[in-house]
Amino acid sequence: MSDRAALLKGIRVWLVFFVVCLVLSGVTAFPLVSELRWIEGVLRSLSVGEFLPGFMQWIERVRDGLDAADAEYPFLLYGTDWLAFAHLVIAVAFYGPYRDPVRNIWVVEFGMIACAGIVPLALVCGPIRGIPFWWSVIDMAFGVFGVIPLYVVRKKIKRLEALSPYRAPALAV
């Protein structure tokens, strides 16, 4: 396998991994109410409250809030539907770098900027919305861990770009 082919394969594997994670995080935002009831039940059966009472209280509070919103103000949950949709739309954008990484490196860089933006968003909006700091740290971890595959992809794309002459790869569709 040539260097170019190996780089292209590595880029595509990392992009598929990133897109799968993005889609999963988006799809799980649709069924929040039932999902959180299920998670709370699992945590109770594992007696998590005995070891992490603050965590369990937070899960109960969030579930109470979602139950109340679902019962009285279901339109509020429409916002999380849009959050899920945004994840799916962003995932589709990564088809560009999958198809032609060098020409579409900007999508990868956009994703890296978005990952970096998670940190200030969590630090500013978390306290405003009454989110415990430790939960904001979990949110920030999505940005920190999300940037890793994108960083790897960007480095590989730059190496691919350095191999000259570069031609857009043909994709069998």
Checklist entry - Does a salt bridge link R37 with D67, judged by any charged N lying under 4.0 Å from a carboxylate O? => result yes
Are any of the side-chain heavy atoms of [X] and [Y] separated by less than 4.5 Å?
X	Y	answer
P101	L8	yes
R63	I39	no
F94	L150	yes
P97	L15	yes
L88	V27	yes
T80	F30	no
L123	F133	yes
V152	K156	yes

If I compare all heavy atoms of [X] with all of [Y], which pair ends up nearest, and what's the gap?
X	Y	result
G126	S136	CA-OG, 3.9 Å
A122	P127	O-CD, 3.7 Å
C115	G146	SG-C, 3.6 Å

So if you build clusters from Ile, Leu, Val, Met, Phe, Trp, Tyr with side-chain heavy-atom gaps below 4.5 Å, do [X] and [Y] land together?
X	Y	result
W106	V102	yes
L24	F17	yes
L83	V92	no
Y151	V107	yes
L121	V147	no

Checklist entry - Going by the angle between their ring planes, with limits at 30° and 60°, are Y95 and Y98 parallel, tilted or perpendicular? => result parallel
Checklist entry - Mind checking whether W135 and W58 have parallel, tilted or perpendicular rings, split at 30° and 60°? => result tilted
Next on the checklist: Determine whether L66 and L77 satisfy the following criterion, side-chain contact (heavy atoms from CB on, under 4.5 Å), listing intermediate values before the conclusion.
Outcome noted: CA-CA 8 Å; L66 282 172; L77 297 176; 3.5 Å; yes
Checklist entry - After noting the C-alpha distance and the side-chain angles of R44 and M56, does the key distance pass the side-chain contact (heavy atoms from CB on, under 4.5 Å) rule? => result CA-CA 8 Å; R44 282 189 192 289; M56 199 63 204; 3.6 Å; yes
Next on the checklist: Counting only heavy atoms from other residues, nucleotides and ligands, does the tally under 6.0 Å from OH of Y73 exceed 12?
Outcome noted: no
Item to check | More than 12 heavy atoms from other groups under 6.0 Å of CH2 on W134 | outcome: yes
Next on the checklist: Could you check whether any side-chain N or O of N104 sits under 3.5 Å from a backbone N or O of D100, counting only pairs where one atom can act as donor and the other as acceptor?
Outcome noted: yes
Roughly how far apart are [X] [atom1] and [Y] [atom2], rounded to 0.5 Å?
X	Y	atom1	atom2	result
I157	I105	CD1	CD1	4.5 Å
D81	Y78	CG	OH	7.5 Å
D139	I118	CG	CD1	8.5 Å
I131	I138	CD1	CD1	11.0 Å

Next on the checklist: As a quick check of understanding, evaluate side-chain contact (heavy atoms from CB on, under 4.5 Å) for V48 and L52, giving each step before the final call.
Outcome noted: CA-CA 6 Å; V48 169; L52 300 168; 4.2 Å; yes
